[in-house]
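This report concerns only the one structure given below.
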Amino acid sequence: MRSTKIVTSFIKDNDKLLILKRSDEVKTMKGLWAGVSGIIEKNEEPLKRAKIEIFEEVGITEDKITLLKSAEEMRVNSPQYQNHEWEIFPFLFEAKNPTIKLNWENSDFKWIKIDELKDYETVPSLEKVLFNLL
């Protein structure tokens with residue numbers, strides 16, 4: 001089975017959680033809601049990649065986020081590719097009243113209460129990844 005290492009980060013502001021709608025320009029999971037995610041390059045440290053992705057995808061700099069928690073890596077089978085799994089490194093950050101500037105990877109964002117996540121069509125196992133951080 002092939003495996004791809006990725007980071008998935010959630011950003012909280014008080015009791016709200018930031019979710020992003022993946023754009024039609026990305027290769028996978030178009031139109032689905034997700035956290036901030038990205039592929040880990042070579043032997044890159046997952047936390048470093050998480051902070052880079054947060055800046056690239058939503059425009060929040062490292063000095064404006066605080067790491068609240070990380071969780072053990074999780075393996076999730078990919079529904080899009082046969083014999084493929086995602087190796088997910090989950091992170092939960094806090095940002096106080098951040099300004100969100102989306103790049104091309106996402107077409108929309110929302111601040112939701114955590115229990116509202118089930119009302120959105122998300123990338124596979126997003127809720128499971130989040131609950132490992134709560």
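Here the structure is a predicted model, which is why all the values come from computation and not from measurement. For the numbers below, each heavy atom of this structure counts, side chains included, while hydrogens, waters and symmetry mates do not.
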Item to complete: Any pair with a residue in residues 19-54 that passes ring-ring contact (aromatic ring centres under 6.0 Å, His included), sequence neighbours left out, goes on the list, sorted by first then second residue, please.
Response: Trp33-Tyr120

Item to complete: Please examine the side chains of Phe55 and Val36, heavy atoms only from C-beta on, and report whether any two atoms are closer than 4.5 Å.
Response: no

Discussion item. Could you measure the distance from the CD1 atom of Ile6 to the CH2 atom of Trp86? Nearest 0.5 Å is fine.
Written reply: 6.0 Å

Discussion item. Under the salt bridge (charged side-chain N to carboxylate O under 4.0 Å, His left out) definition, can you give me all pairs with a residue in residues 51-66, not counting sequence neighbours?
Written reply: Arg49-Glu53, Lys51-Glu62

Worksheet entry | Ile60 CD1 to Thr99 OG1 distance, which is reported to the nearest 0.5 Å | 8.5 Å

Fill in: Expected output: side-chain Asn106 to main-chain Asp108 donor-acceptor under 3.5 Å
no

Item to complete: Answer with yes or no whether the hydrophobic clustering places Phe89 together with Val76; edges join I, L, V, M, F, W, Y residues whose side-chain heavy atoms lie under 4.5 Å apart.
Response: no

Worksheet item: So do the side chains of Asp119 and Ile112 get within less than 4.5 Å of each other, counting heavy atoms only?
Response: no

Discussion item. As an exercise, state the distance from CD1 of Ile114 to CZ of Phe10, rounded to the nearest 0.5 Å.
Written reply: 9.5 Å

Worksheet item: Stepwise, does the side-chain contact (heavy atoms from CB on, under 4.5 Å) test hold for Val26 with Trp104?
Response: CA-CA 8 Å; Val26 293; Trp104 63 271; 3.8 Å; yes

Worksheet item: Would Glu87 and Arg75 count as a salt bridge (Lys or Arg N to Asp or Glu O under 4.0 Å) if you check the C-alpha gap in whole Å, the side-chain angles of each, and the deciding distance to 0.1 Å?
Response: CA-CA 5 Å; Glu87 198 175 333; Arg75 294 179 182 273; 3.6 Å; yes

Worksheet item: Does Lys30 use its side chain to pair, donor to acceptor, with the backbone of Asp24 at less than 3.5 Å?
Response: yes

Fill in: Side chain Lys118, main chain Asp115, donor-acceptor under 3.5 Å
yes

Worksheet item: Got Phe109 and Leu18 here, is their nearest side-chain heavy-atom distance under 4.5 Å?
Response: yes

Discussion item. Which residue in the set Lys128, Met74, Glu72 passes side chain to side chain contact (heavy atoms under 4.5 Å, CB included) when paired with Pro90?
Written reply: Met74

Fill in: From Glu105 atom CD to Ser37 atom OG, the distance as rounded to the nearest 0.5 Å
7.5 Å

Worksheet item: Does some side-chain heavy atom of Leu17 sit less than 4.5 Å from a side-chain heavy atom of Leu130?
Response: yes

Worksheet item: When you measure from the side chain of Lys16 to the backbone N and O of Lys12, does any donor-acceptor pair fall under 3.5 Å?
Response: no

Worksheet item: Within a strict 4.5 Å, meaning less than it, do heavy atoms of the Leu134 and Leu92 side chains meet?
Response: yes

Discussion item. Please identify which of these residues, Asn14, Thr66, Asp13, meets the side chain to side chain donor-acceptor pair (under 3.5 Å) condition with Lys96.
Written reply: Asn14

Worksheet item: Same cluster for Leu32 and Phe131 if Ile/Leu/Val/Met/Phe/Trp/Tyr side chains link at under 4.5 Å?
Response: yes

Worksheet item: Sequence neighbours excluded, which residues qualify as side chain to side chain contact (heavy atoms under 4.5 Å, CB included) partners of Leu67?
Response: Leu47, Phe91, Phe93

Practice prompt. Taking all non-hydrogen atoms of both residues into account, name the closest pair between Ser107 and Leu102 and its distance.
Written response: C-CD1, 3.9 Å

Discussion item. So if I apply the side chain to side chain contact (heavy atoms under 4.5 Å, CB included) rule between Ile88 and each of Thr8, Leu126, Val123, which one comes out positive?
Written reply: Thr8

Fill in: Glu121 atom CD, over 12 foreign heavy atoms within 6.0 Å
no

Fill in: Derivation of the side-chain contact (heavy atoms from CB on, under 4.5 Å) call for Val7 and Ile40
CA-CA 7 Å; Val7 292; Ile40 296 171; 3.8 Å; yes

Worksheet entry | Nearest heavy atoms of Leu20 and Gly35, plus distance in Å | CD1-O, 3.9 Å

Discussion item. Please report the interatomic distance CD(Glu44) to NZ(Lys5), rounded to the nearest 0.5 Å.
Written reply: 11.0 Å

